[in-house]
Amino acid sequence: MGTPNPNGERDGREWSADAYDADHAFVYEYGEGVVDLLAPEQGERVLDLGCGTGHLTETIAERGASVVGLDASAEMIERARKSYPDRRFVHADARSFDAEFDEPFDAVFSNAALHWVPEADHDALLASVRNALRPGGRFVAELGGVGNVEPFAAAIRSACAARGYDVESPWYFPSVGEYAPRLEEEGFEVRHATLFDRPTALDDGEAGLRNWIGMFAAEFLESIPVEEREEILDYVEEELRGAYFREGRWVAPYRRLRFVSVRARR
Ligand code: BEZ
């Protein structure tokens, strides 16, 4: 799912599994392409890291793998268990989950989740993934890449600054040049890494931007008094409307970082 702090931090905020499934289905729909990149094989043991409500976990299982979903949000895990009672879902932190499993995995998969783990914690996360994989096992992932939704973040920051609030982005969106060395440092060989634009139409017409902010960018506004938030959202909409509202829909300037890596055998 890629979903919000699906890893380390998703447990630090409230995740609405209902809103996620109802209004943001594009996250797991686009994730099907990452499953293609994973190319799961019959009988392989796969971990879906940051599985959210479990839709891609199920897709991977339907392709014949034996898959476990893991997420830091208790609400997401509860929903995943209800939706897919035949699958195993584990509530754990992506930075320290390796002790949860006795058998090594053939592959670790992650869609739209890793950017919720703070930049400083990615070495711990990668060490956890490496330890969970057999030598030669794959780590295949997509996350937001450098510049992802930056115009949206800039509009929110500027609306908050105009009212005297200095707010920080909750996300980590690395470049290829930044992330590939981190993978190598933690014992992976990088076989493929790419950054690309994927403008993404949001659901719910006029309300789409507000809904998106409520689901994915709520941390920006956490420290702002509730009575000031509406004005901030009005400002953000007006700032962004000219460039990002087309034919009745908001289009988010998503940029994706995708990679295929393998746990080194040495
Ligand atoms: C993303 O999947 O790119 C994303 C998710 C949440 C916030 C911002 C971007």
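Just follow the structure's listing: the first ligand is 1, and inside any ligand the first atom is 1. All values derive from a computational prediction rather than experimental measurement.
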### Query
Rounded to the nearest 0.5 Å, how far does CG of Leu143 lie from CG of Leu114?
5.0 Å

#### Entry: Inter-residue atom distance Tyr30.OH - Arg256.CZ, 0.5 Å rounding
9.5 Å

### Query
When clusters are formed by joining ILVMFWY residues with side-chain heavy atoms under 4.5 Å apart, either directly or through shared neighbours, do Phe109 and Tyr84 land in the same one?
no

Numbered atoms and elements of ligand 1 in range of [X], under 4.0 angstrom, heavy atoms:
X      : result
Phe173 : 8 (C), 9 (C)
His115 : 1 (C), 2 (O), 3 (O), 4 (C), 5 (C)
Phe216 : 6 (C), 7 (C)

Tell me, please: is [X] in heavy-atom contact with ligand 1, that is, under 4.0 Å?
X      : value
Arg255 : no
Trp212 : yes
Phe152 : no

### Message
Is there a polar contact, in the sense of an N or O pair closer than 3.5 Å, between Asn148 and ligand 1?
### Response
yes

### Backbone or side-chain N or O of Trp171 under 3.5 Å from ligand 1 N or O
no

### Task
Report yes or no: is the cationic atom of Arg241 (NZ for Lys, CZ for Arg) closer than 6.0 Å to the six-membered ring centre of Phe245, at no more than 45° off its axis?
yes

### Query
Salt bridge check: are Asp36 and Arg63 linked by an N-O gap of less than 4.0 Å?
yes

#### Entry: Ring-ring centroid check Phe188 Phe259, cutoff 6.0 Å
no

